[in-house]
Amino acid sequence: MDNNEDATEKKWSMKDFNYPVPEHAKQFGYAVGGVTFVGFILLIITGIVMTFFFTATVDKARDSVLALSSSPWGLWLRSFHRWLAETVIFLIILHMTRIIFTGSYRGSRKTNWFFGVALLVIALAFLFTGTVVKWDQEGYEAYLHAVEQVDLLPVIGAPIAAFLKATSIVMTMFVTHTLVLPLLFLLFLIPHLVLMKLNGLSPLPGKKVKKEIKLSKHIGKIFGWSFVIYGLLSFLAMQYPAELFPGPYTGIEMTKPPWILLILYQFEDWFGIKYLSVFPLLMIIGLILIPYIDSKKGDYSITRKIVVWTYIIIMALFITFIIHVAISTPVQHLG
Amino acid sequence: MDKSNYKQCSNLQRRFYTLKNTFFALIICLFFSPLVIMAQGGDEPKEKVEKVTEKMLEKDQPQSDSLRQKQDFAEISKAVGKGTVPTVIKALSLAAFIAGFAILYLPKKKKEVSNG
(Lines give C-alpha, C1' and ligand atoms only; values in the text may rest on other atoms or scores of the structure.)
Protein backbone atom coordinates (compact mmCIF):
# COMPACT_ATOMS: atom_id res chain seq x y z
CA MET A 1 0.00 0.00 0.00
CA ASP A 2 1.57 3.35 -1.01
CA ASN A 3 1.36 6.64 0.80
CA ASN A 4 -1.45 8.02 -1.36
CA GLU A 5 -3.73 5.15 -0.52
CA ASP A 6 -2.77 5.62 3.11
CA ALA A 7 -3.92 9.23 2.98
CA THR A 8 -7.24 8.42 1.31
CA GLU A 9 -8.00 5.65 3.74
CA LYS A 10 -7.25 7.75 6.83
CA LYS A 11 -10.40 8.39 8.83
CA TRP A 12 -10.51 11.90 10.25
CA SER A 13 -12.03 12.40 13.65
CA MET A 14 -12.59 15.46 15.85
CA LYS A 15 -9.49 14.48 17.83
CA ASP A 16 -7.33 15.38 14.81
CA PHE A 17 -8.49 19.00 15.10
CA ASN A 18 -7.83 19.08 18.82
CA TYR A 19 -4.11 19.66 18.39
CA PRO A 20 -1.86 20.86 21.23
CA VAL A 21 -1.20 24.57 21.82
CA PRO A 22 1.09 26.29 24.37
CA GLU A 23 -0.24 26.44 27.92
CA HIS A 24 -0.39 30.25 27.96
CA ALA A 25 -3.25 30.01 25.42
CA LYS A 26 -5.45 29.83 28.54
CA GLN A 27 -4.62 33.44 29.45
CA PHE A 28 -7.11 36.18 28.61
CA GLY A 29 -4.48 38.14 26.67
CA TYR A 30 -4.06 35.19 24.29
CA ALA A 31 -7.81 34.51 24.05
CA VAL A 32 -8.90 38.09 23.37
CA GLY A 33 -8.49 37.73 19.59
CA GLY A 34 -10.86 34.75 19.65
CA VAL A 35 -13.32 36.66 21.86
CA THR A 36 -13.25 39.48 19.28
CA PHE A 37 -13.98 36.95 16.54
CA VAL A 38 -17.02 35.67 18.50
CA GLY A 39 -18.15 39.29 18.86
CA PHE A 40 -17.87 39.75 15.11
CA ILE A 41 -20.02 36.64 14.53
CA LEU A 42 -22.64 38.06 16.93
CA LEU A 43 -22.52 41.36 15.03
CA ILE A 44 -23.22 39.52 11.77
CA ILE A 45 -26.17 37.62 13.28
CA THR A 46 -27.77 40.68 14.94
CA GLY A 47 -27.04 42.77 11.82
CA ILE A 48 -28.73 40.27 9.50
CA VAL A 49 -31.85 40.17 11.70
CA MET A 50 -32.03 43.97 11.81
CA THR A 51 -31.74 44.17 8.02
CA PHE A 52 -35.25 42.66 7.72
CA PHE A 53 -36.70 45.63 9.60
CA PHE A 54 -34.64 48.43 8.06
CA THR A 55 -35.70 50.76 5.24
CA ALA A 56 -32.64 52.22 3.53
CA THR A 57 -34.04 55.57 2.39
CA VAL A 58 -33.36 59.04 3.73
CA ASP A 59 -36.98 59.66 4.75
CA LYS A 60 -37.73 56.23 6.20
CA ALA A 61 -34.45 55.05 7.79
CA ARG A 62 -34.90 56.68 11.18
CA ASP A 63 -38.59 55.77 11.34
CA SER A 64 -37.82 52.11 10.64
CA VAL A 65 -35.22 52.09 13.43
CA LEU A 66 -37.76 53.76 15.74
CA ALA A 67 -40.37 51.16 14.77
CA LEU A 68 -37.89 48.36 15.51
CA SER A 69 -37.17 49.93 18.90
CA SER A 70 -40.88 49.84 19.76
CA SER A 71 -40.73 46.19 20.75
CA PRO A 72 -38.60 44.85 23.62
CA TRP A 73 -36.72 42.38 21.42
CA GLY A 74 -36.16 45.05 18.75
CA LEU A 75 -34.89 47.56 21.29
CA TRP A 76 -32.56 44.95 22.76
CA LEU A 77 -31.37 43.82 19.31
CA ARG A 78 -30.48 47.32 18.16
CA SER A 79 -28.84 48.29 21.45
CA PHE A 80 -26.91 45.02 21.64
CA HIS A 81 -25.67 45.49 18.05
CA ARG A 82 -24.55 49.05 18.82
CA TRP A 83 -22.83 48.30 22.14
CA LEU A 84 -21.34 45.15 20.61
CA ALA A 85 -19.80 47.18 17.77
CA GLU A 86 -18.15 49.57 20.24
CA THR A 87 -16.99 46.67 22.43
CA VAL A 88 -15.46 44.80 19.48
CA ILE A 89 -13.38 47.91 18.69
CA PHE A 90 -12.28 47.96 22.32
CA LEU A 91 -11.38 44.24 22.19
CA ILE A 92 -9.40 44.75 18.96
CA ILE A 93 -7.40 47.43 20.79
CA LEU A 94 -6.85 45.06 23.73
CA HIS A 95 -5.70 42.36 21.28
CA MET A 96 -3.36 44.86 19.62
CA THR A 97 -2.05 45.93 23.03
CA ARG A 98 -1.20 42.33 23.91
CA ILE A 99 0.60 41.88 20.59
CA ILE A 100 2.64 45.05 21.12
CA PHE A 101 3.47 44.12 24.71
CA THR A 102 4.64 40.64 23.71
CA GLY A 103 6.35 41.77 20.48
CA SER A 104 4.29 39.33 18.42
CA TYR A 105 4.65 41.35 15.22
CA ARG A 106 8.24 40.34 14.48
CA GLY A 107 9.73 37.82 12.09
CA SER A 108 7.24 35.62 10.32
CA ARG A 109 4.36 37.32 12.14
CA LYS A 110 5.03 40.68 10.44
CA THR A 111 2.63 40.02 7.54
CA ASN A 112 -0.10 39.03 9.95
CA TRP A 113 0.36 42.31 11.84
CA PHE A 114 -0.40 44.19 8.60
CA PHE A 115 -3.57 42.15 8.10
CA GLY A 116 -4.53 43.00 11.68
CA VAL A 117 -4.02 46.73 11.07
CA ALA A 118 -6.21 46.47 7.96
CA LEU A 119 -8.90 44.70 10.02
CA LEU A 120 -8.80 47.50 12.61
CA VAL A 121 -9.31 50.11 9.88
CA ILE A 122 -12.21 48.11 8.40
CA ALA A 123 -13.78 47.70 11.86
CA LEU A 124 -13.67 51.49 12.29
CA ALA A 125 -15.27 51.90 8.86
CA PHE A 126 -18.02 49.50 10.03
CA LEU A 127 -18.59 51.69 13.08
CA PHE A 128 -18.76 54.84 10.97
CA THR A 129 -21.16 53.48 8.32
CA GLY A 130 -23.32 51.89 11.01
CA THR A 131 -23.59 55.29 12.71
CA VAL A 132 -24.56 57.07 9.50
CA VAL A 133 -27.04 54.49 8.23
CA LYS A 134 -29.71 55.12 10.89
CA TRP A 135 -29.83 58.72 9.64
CA ASP A 136 -30.59 60.57 12.83
CA GLN A 137 -28.75 63.68 14.00
CA GLU A 138 -25.69 61.64 15.01
CA GLY A 139 -25.55 59.89 11.63
CA TYR A 140 -26.05 63.11 9.72
CA GLU A 141 -23.27 64.91 11.57
CA ALA A 142 -20.92 61.95 11.01
CA TYR A 143 -21.77 62.01 7.31
CA LEU A 144 -21.10 65.77 7.03
CA HIS A 145 -17.72 65.32 8.68
CA ALA A 146 -16.83 62.55 6.23
CA VAL A 147 -17.87 64.57 3.18
CA GLU A 148 -15.82 67.55 4.38
CA GLN A 149 -12.78 65.27 4.80
CA VAL A 150 -13.18 63.55 1.46
CA ASP A 151 -13.59 66.93 -0.26
CA LEU A 152 -10.18 67.99 1.08
CA LEU A 153 -8.35 64.98 -0.36
CA PRO A 154 -6.16 65.87 -3.34
CA VAL A 155 -7.18 64.61 -6.82
CA ILE A 156 -9.57 61.80 -5.77
CA GLY A 157 -11.40 63.85 -3.12
CA ALA A 158 -13.67 65.90 -5.38
CA PRO A 159 -15.06 62.99 -7.46
CA ILE A 160 -15.69 60.85 -4.34
CA ALA A 161 -17.44 63.75 -2.61
CA ALA A 162 -19.49 64.35 -5.78
CA PHE A 163 -20.42 60.63 -5.81
CA LEU A 164 -21.47 60.72 -2.16
CA LYS A 165 -23.57 63.83 -2.68
CA ALA A 166 -25.19 62.45 -5.85
CA THR A 167 -26.22 59.05 -4.45
CA SER A 168 -28.90 58.20 -1.92
CA ILE A 169 -26.58 58.41 1.04
CA VAL A 170 -28.46 56.00 3.31
CA MET A 171 -28.54 53.33 0.60
CA THR A 172 -24.83 53.91 -0.19
CA MET A 173 -23.90 53.54 3.46
CA PHE A 174 -26.21 50.54 3.89
CA VAL A 175 -24.65 48.69 0.93
CA THR A 176 -21.17 49.58 2.21
CA HIS A 177 -22.05 48.46 5.74
CA THR A 178 -23.75 45.19 4.82
CA LEU A 179 -21.95 44.10 1.67
CA VAL A 180 -18.72 45.91 0.80
CA LEU A 181 -17.17 46.00 4.27
CA PRO A 182 -18.10 42.40 5.24
CA LEU A 183 -16.48 41.16 2.02
CA LEU A 184 -13.39 43.27 2.65
CA PHE A 185 -13.31 42.11 6.25
CA LEU A 186 -13.39 38.45 5.18
CA LEU A 187 -10.71 39.13 2.60
CA PHE A 188 -8.34 40.15 5.41
CA LEU A 189 -9.70 37.93 8.17
CA ILE A 190 -9.16 34.63 6.35
CA PRO A 191 -5.40 35.14 5.76
CA HIS A 192 -5.17 36.57 9.31
CA LEU A 193 -6.50 33.27 10.71
CA VAL A 194 -4.53 31.08 8.28
CA LEU A 195 -1.26 32.87 9.15
CA MET A 196 -2.07 32.56 12.84
CA LYS A 197 -2.42 28.79 12.39
CA LEU A 198 0.80 28.57 10.34
CA ASN A 199 2.85 30.67 12.78
CA GLY A 200 1.32 29.11 15.87
CA LEU A 201 0.52 31.00 19.05
CA SER A 202 3.15 33.62 19.81
CA PRO A 203 5.39 32.77 22.78
CA LEU A 204 5.43 34.53 26.12
CA PRO A 205 8.33 37.02 26.25
CA GLY A 206 11.47 35.51 27.73
CA LYS A 207 10.02 32.03 28.16
CA LYS A 208 10.18 28.76 26.32
CA VAL A 209 7.05 26.68 25.88
CA LYS A 210 7.19 23.84 28.38
CA LYS A 211 3.63 22.62 28.83
CA GLU A 212 0.94 22.23 26.24
CA ILE A 213 -2.83 22.05 26.40
CA LYS A 214 -5.43 20.86 23.90
CA LEU A 215 -6.93 23.38 21.49
CA SER A 216 -10.38 22.58 22.91
CA LYS A 217 -9.28 24.07 26.24
CA HIS A 218 -8.18 27.29 24.49
CA ILE A 219 -11.53 27.44 22.67
CA GLY A 220 -13.30 26.75 25.97
CA LYS A 221 -11.59 29.82 27.46
CA ILE A 222 -12.61 31.91 24.44
CA PHE A 223 -16.24 30.86 24.87
CA GLY A 224 -16.07 31.38 28.63
CA TRP A 225 -14.85 34.95 28.23
CA SER A 226 -17.33 35.53 25.40
CA PHE A 227 -20.23 34.47 27.63
CA VAL A 228 -18.98 36.76 30.41
CA ILE A 229 -18.39 39.83 28.23
CA TYR A 230 -21.32 39.52 25.83
CA GLY A 231 -23.71 38.32 28.55
CA LEU A 232 -22.96 41.47 30.55
CA LEU A 233 -23.22 43.56 27.39
CA SER A 234 -26.61 42.04 26.59
CA PHE A 235 -27.85 42.97 30.07
CA LEU A 236 -26.53 46.52 29.68
CA ALA A 237 -28.14 46.79 26.22
CA MET A 238 -31.55 46.23 27.80
CA GLN A 239 -30.77 48.41 30.81
CA TYR A 240 -29.25 51.32 28.82
CA PRO A 241 -30.70 51.23 25.27
CA ALA A 242 -28.57 52.84 22.55
CA GLU A 243 -29.92 56.32 21.89
CA LEU A 244 -31.71 57.29 18.71
CA PHE A 245 -31.34 61.00 18.15
CA PRO A 246 -33.95 63.27 16.54
CA GLY A 247 -33.62 64.89 13.17
CA PRO A 248 -31.56 65.06 11.22
CA TYR A 249 -31.51 68.85 11.16
CA THR A 250 -29.10 71.17 9.43
CA GLY A 251 -27.20 73.98 11.09
CA ILE A 252 -26.81 72.39 14.50
CA GLU A 253 -24.23 70.08 16.04
CA MET A 254 -25.47 68.39 19.16
CA THR A 255 -23.96 64.89 19.21
CA LYS A 256 -20.64 63.32 19.96
CA PRO A 257 -19.23 60.35 18.04
CA PRO A 258 -18.76 56.79 19.43
CA TRP A 259 -16.11 56.56 22.15
CA ILE A 260 -13.12 55.65 19.96
CA LEU A 261 -13.76 58.62 17.66
CA LEU A 262 -13.78 61.00 20.64
CA ILE A 263 -10.00 61.11 20.10
CA LEU A 264 -10.62 62.67 16.69
CA TYR A 265 -13.13 65.03 18.26
CA GLN A 266 -10.38 66.37 20.53
CA PHE A 267 -8.08 66.94 17.55
CA GLU A 268 -10.93 68.63 15.72
CA ASP A 269 -11.34 70.95 18.70
CA TRP A 270 -7.67 71.89 18.51
CA PHE A 271 -6.85 72.02 14.82
CA GLY A 272 -10.23 72.31 13.11
CA ILE A 273 -11.97 70.00 10.69
CA LYS A 274 -9.41 70.55 7.91
CA TYR A 275 -6.76 68.39 9.58
CA LEU A 276 -9.12 65.73 10.92
CA SER A 277 -8.03 63.01 8.48
CA VAL A 278 -4.31 63.69 9.03
CA PHE A 279 -4.36 62.17 12.50
CA PRO A 280 -5.82 58.71 11.63
CA LEU A 281 -3.48 58.58 8.66
CA LEU A 282 -0.49 59.16 10.98
CA MET A 283 -1.79 56.48 13.34
CA ILE A 284 -2.05 53.91 10.54
CA ILE A 285 1.44 54.77 9.29
CA GLY A 286 2.75 54.46 12.87
CA LEU A 287 1.16 51.02 13.29
CA ILE A 288 2.58 49.84 9.96
CA LEU A 289 6.06 51.03 10.95
CA ILE A 290 6.13 49.19 14.29
CA PRO A 291 7.55 45.88 12.93
CA TYR A 292 10.26 47.83 11.09
CA ILE A 293 11.23 49.89 14.14
CA ASP A 294 11.36 46.85 16.42
CA SER A 295 12.67 44.03 14.25
CA LYS A 296 15.60 42.87 16.41
CA LYS A 297 15.49 39.57 18.21
CA GLY A 298 15.40 39.55 21.98
CA ASP A 299 12.45 40.27 24.20
CA TYR A 300 13.98 43.15 26.14
CA SER A 301 15.88 45.04 23.45
CA ILE A 302 16.04 48.82 23.44
CA THR A 303 13.76 49.04 20.37
CA ARG A 304 11.15 46.92 22.19
CA LYS A 305 11.26 49.33 25.12
CA ILE A 306 10.90 52.31 22.79
CA VAL A 307 7.88 50.81 21.03
CA VAL A 308 6.18 49.69 24.27
CA TRP A 309 6.72 53.00 26.09
CA THR A 310 5.69 55.09 23.09
CA TYR A 311 2.53 53.01 22.85
CA ILE A 312 1.79 53.45 26.57
CA ILE A 313 2.29 57.23 26.38
CA ILE A 314 0.09 57.55 23.26
CA MET A 315 -2.64 55.35 24.78
CA ALA A 316 -2.55 57.35 28.03
CA LEU A 317 -3.00 60.55 26.00
CA PHE A 318 -5.90 59.04 24.07
CA ILE A 319 -7.62 57.90 27.25
CA THR A 320 -7.25 61.44 28.64
CA PHE A 321 -8.73 62.90 25.42
CA ILE A 322 -11.66 60.46 25.52
CA ILE A 323 -12.51 61.32 29.14
CA HIS A 324 -12.10 65.04 28.53
CA VAL A 325 -14.38 65.05 25.48
CA ALA A 326 -16.90 62.66 27.11
CA ILE A 327 -17.55 65.07 29.98
CA SER A 328 -17.41 68.31 27.96
CA THR A 329 -20.29 70.05 26.16
CA PRO A 330 -20.50 69.44 22.38
CA VAL A 331 -19.26 72.32 20.24
CA GLN A 332 -19.91 73.43 16.68
CA HIS A 333 -17.22 72.26 14.24
CA LEU A 334 -19.02 72.34 10.91
CA GLY A 335 -19.85 75.38 8.86
CA MET B 1 0.87 34.14 33.88
CA ASP B 2 0.84 31.37 36.43
CA LYS B 3 1.79 32.26 39.99
CA SER B 4 4.18 29.33 40.13
CA ASN B 5 6.04 30.65 37.09
CA TYR B 6 6.03 34.19 38.43
CA LYS B 7 8.55 33.28 41.13
CA GLN B 8 10.97 31.94 38.54
CA CYS B 9 11.00 35.15 36.49
CA SER B 10 13.68 37.78 36.55
CA ASN B 11 12.90 41.18 38.08
CA LEU B 12 12.68 42.71 34.61
CA GLN B 13 10.13 40.13 33.51
CA ARG B 14 8.12 40.64 36.69
CA ARG B 15 8.06 44.38 36.13
CA PHE B 16 6.98 43.80 32.55
CA TYR B 17 4.07 41.58 33.59
CA THR B 18 3.01 43.89 36.40
CA LEU B 19 3.02 46.78 33.94
CA LYS B 20 1.05 44.77 31.38
CA ASN B 21 -1.56 43.66 33.91
CA THR B 22 -1.92 47.16 35.36
CA PHE B 23 -2.37 48.57 31.89
CA PHE B 24 -5.06 46.01 30.99
CA ALA B 25 -6.88 46.67 34.27
CA LEU B 26 -6.70 50.45 33.67
CA ILE B 27 -8.10 50.17 30.16
CA ILE B 28 -10.97 47.96 31.37
CA CYS B 29 -11.80 50.39 34.20
CA LEU B 30 -11.77 53.33 31.82
CA PHE B 31 -14.01 51.53 29.35
CA PHE B 32 -16.68 51.14 32.01
CA SER B 33 -16.17 54.63 33.47
CA PRO B 34 -18.95 56.19 31.30
CA LEU B 35 -21.43 53.98 33.19
CA VAL B 36 -20.22 55.46 36.47
CA ILE B 37 -20.44 58.97 35.02
CA MET B 38 -23.99 58.23 33.83
CA ALA B 39 -24.98 56.86 37.23
CA GLN B 40 -23.70 60.03 38.91
CA GLY B 41 -25.68 62.34 36.63
CA GLY B 42 -22.87 62.99 34.20
CA ASP B 43 -25.35 63.44 31.36
CA GLU B 44 -25.96 67.07 32.28
CA PRO B 45 -24.20 68.46 29.19
CA LYS B 46 -26.63 66.45 27.04
CA GLU B 47 -29.54 68.25 28.73
CA LYS B 48 -28.01 71.59 27.88
CA VAL B 49 -27.56 70.57 24.28
CA GLU B 50 -31.14 69.45 24.05
CA LYS B 51 -32.24 72.84 25.32
CA VAL B 52 -30.10 74.56 22.70
CA THR B 53 -31.69 72.28 20.12
CA GLU B 54 -35.17 73.12 21.32
CA LYS B 55 -34.46 76.82 20.95
CA MET B 56 -33.03 76.39 17.48
CA LEU B 57 -35.93 74.23 16.43
CA GLU B 58 -38.51 76.70 17.66
CA LYS B 59 -36.71 79.44 15.81
CA ASP B 60 -35.87 77.72 12.53
CA GLN B 61 -38.27 74.83 12.24
CA PRO B 62 -41.73 75.58 13.50
CA GLN B 63 -42.95 72.04 12.89
CA SER B 64 -40.67 70.89 15.80
CA ASP B 65 -40.96 67.28 14.66
CA SER B 66 -37.53 66.55 16.05
CA LEU B 67 -38.54 67.40 19.58
CA ARG B 68 -41.53 65.09 19.30
CA GLN B 69 -39.30 62.40 17.80
CA LYS B 70 -36.86 62.81 20.67
CA GLN B 71 -39.68 62.42 23.17
CA ASP B 72 -40.96 59.51 21.08
CA PHE B 73 -37.76 57.54 21.48
CA ALA B 74 -37.30 58.45 25.13
CA GLU B 75 -40.88 57.50 25.91
CA ILE B 76 -40.82 54.38 23.75
CA SER B 77 -37.59 53.04 25.24
CA LYS B 78 -38.86 53.79 28.74
CA ALA B 79 -42.19 52.08 28.12
CA VAL B 80 -40.64 49.14 26.28
CA GLY B 81 -38.01 48.71 28.99
CA LYS B 82 -40.71 47.78 31.51
CA GLY B 83 -42.52 44.48 31.38
CA THR B 84 -41.92 40.76 31.31
CA VAL B 85 -39.89 40.42 28.10
CA PRO B 86 -37.12 42.88 29.14
CA THR B 87 -36.91 41.12 32.51
CA VAL B 88 -36.56 37.77 30.73
CA ILE B 89 -33.87 39.21 28.42
CA LYS B 90 -31.97 40.58 31.42
CA ALA B 91 -32.28 37.28 33.28
CA LEU B 92 -31.02 35.31 30.26
CA SER B 93 -28.15 37.75 29.85
CA LEU B 94 -27.11 37.40 33.47
CA ALA B 95 -27.43 33.61 33.14
CA ALA B 96 -25.00 33.74 30.18
CA PHE B 97 -22.69 35.99 32.20
CA ILE B 98 -22.64 33.54 35.14
CA ALA B 99 -22.32 30.54 32.79
CA GLY B 100 -19.21 32.19 31.34
CA PHE B 101 -17.60 32.38 34.77
CA ALA B 102 -18.57 28.76 35.39
CA ILE B 103 -16.86 27.71 32.14
CA LEU B 104 -13.76 29.68 33.10
CA TYR B 105 -13.33 28.88 36.74
CA LEU B 106 -15.24 25.74 37.76
CA PRO B 107 -12.74 22.91 38.19
CA LYS B 108 -13.04 20.20 35.55
CA LYS B 109 -13.46 16.60 36.57
CA LYS B 110 -10.29 14.74 35.65
CA LYS B 111 -10.73 11.65 33.53
CA GLU B 112 -10.02 8.49 35.49
CA VAL B 113 -7.47 6.19 33.96
CA SER B 114 -8.79 2.69 33.74
CA ASN B 115 -6.46 -0.21 34.00
CA GLY B 116 -8.36 -2.30 31.55
Side-chain angles (χ1 to χ4, degrees), chain A residues 23-24 27-29 62 66 69-76 87 90 93-94 97-98 101 137 204-207 220-221 223-241 243-247 249 251-252 254-255 259 300 312 315 319 322-323 326-330, chain B residues 1-2 5 9-10 12-13 16-17 19-20 23-24 26-28 30-31 33-35 37-38 42 45-46 48-50 52-53 56-57 60-61 65-70 72-74 76-77 79-81 83-86 88-90 92-105:
Chain A
E23 197 193 18
H24 60 264
Q27 293 179 16
F28 177 71
R62 190 190 174 278
L66 192 66
S69 308
S70 304
S71 77
W73 285 106
L75 184 69
W76 170 80
T87 306
F90 172 71
I93 293 170
L94 272 189
T97 305
R98 197 278 292 165
F101 272 62
Q137 190 64 31
L204 278 170
K207 287 194 80 181
K221 291 287 175 189
F223 276 103
W225 282 112
S226 297
F227 271 103
V228 169
I229 294 168
Y230 302 130
L232 180 66
L233 202 68
S234 166
F235 177 83
L236 293 174
M238 199 71 251
Q239 189 69 28
Y240 304 104
E243 190 151 7
L244 183 66
F245 288 89
Y249 287 89
I252 52 168
M254 58 174 279
T255 67
W259 71 273
Y300 302 99
I312 290 172
M315 287 301 279
I319 290 166
I322 289 170
I323 293 170
I327 58 174
S328 64
T329 310
Chain B
M1 184 182 192
D2 291 341
N5 294 336
C9 289
S10 67
L12 197 63
Q13 281 174 316
F16 177 79
Y17 281 111
L19 185 72
K20 190 189 83 175
F23 198 66
F24 270 123
L26 186 71
I27 291 178
I28 288 164
L30 284 166
F31 182 68
S33 62
L35 289 177
I37 294 168
M38 277 170 73
K46 200 172 70 189
K48 283 178 193 166
V49 174
E50 282 168 16
V52 171
T53 316
M56 293 197 73
L57 290 169
D60 301 335
Q61 285 150 330
D65 273 353
S66 120
L67 189 60
R68 207 168 60 236
Q69 284 174 348
K70 175 72 185 165
D72 279 352
F73 181 71
I76 285 169
S77 61
V80 167
T84 318
V85 177
V88 170
I89 294 172
K90 283 180 198 174
L92 288 172
S93 307
L94 285 179
F97 175 71
I98 294 161
F101 274 113
I103 293 169
L104 289 170
Y105 295 112

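These numbers come from a predicted model, not from an experiment.
- Considering all non-hydrogen atoms of both residues, B/F73 and A/E243 come closest at CE2-CA, 3.6 Å.
- Among B/G83, B/S93, B/A99, the residue with the largest count of heavy-atom pairs under 4.5 Å with chain A is B/S93.
- Here the shortest heavy-atom pairing between A/V228 and B/F97 reads O-CD1, 3.1 Å.
- Per-residue counts of heavy-atom pairs under 4.5 Å with chain B were compared for A/P241, A/S226, A/S69; the largest is that of A/S69.
- Looking at A/S71, the atoms closer than 4.5 Å to chain B (heavy atoms on both sides) all sit in the backbone: N, CA, C or O.
- Nearest heavy atom pair, residue B/I89 against residue A/M238, reads CD1-SD, 3.7 Å.
- What you find for A/F227 and B/A96 is that their closest heavy atoms are CB-O, 3.4 Å.
- Partners of A/F28 according to the side-chain contact (heavy atoms from CB on, under 4.5 Å) rule, which considers only residues two or more places apart in sequence or in another chain, are A/V32, A/L94, A/W225, A/I229.
- Using a 4.5 Å cut-off between heavy atoms, A/L232 contacts chain B through both its backbone and its side chain.
- The side-chain contact (heavy atoms from CB on, under 4.5 Å) test applied to B/I98 returns no partner, not counting sequence neighbours.
- At a 4.5 Å heavy-atom cutoff, A/Q137 makes no contact with chain B through either its backbone or its side chain.
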Practice prompt. Starting from the C-alpha separation in whole Å, work towards a yes-or-no answer on side-chain contact (heavy atoms from CB on, under 4.5 Å) for A/W76 and B/V80.
Written response: CA-CA 10 Å; A/W76 170 80; B/V80 167; over 6 Å; no
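- Nearest heavy-atom pair across A/P72 and B/V85 is CB-CG1, 3.6 Å.
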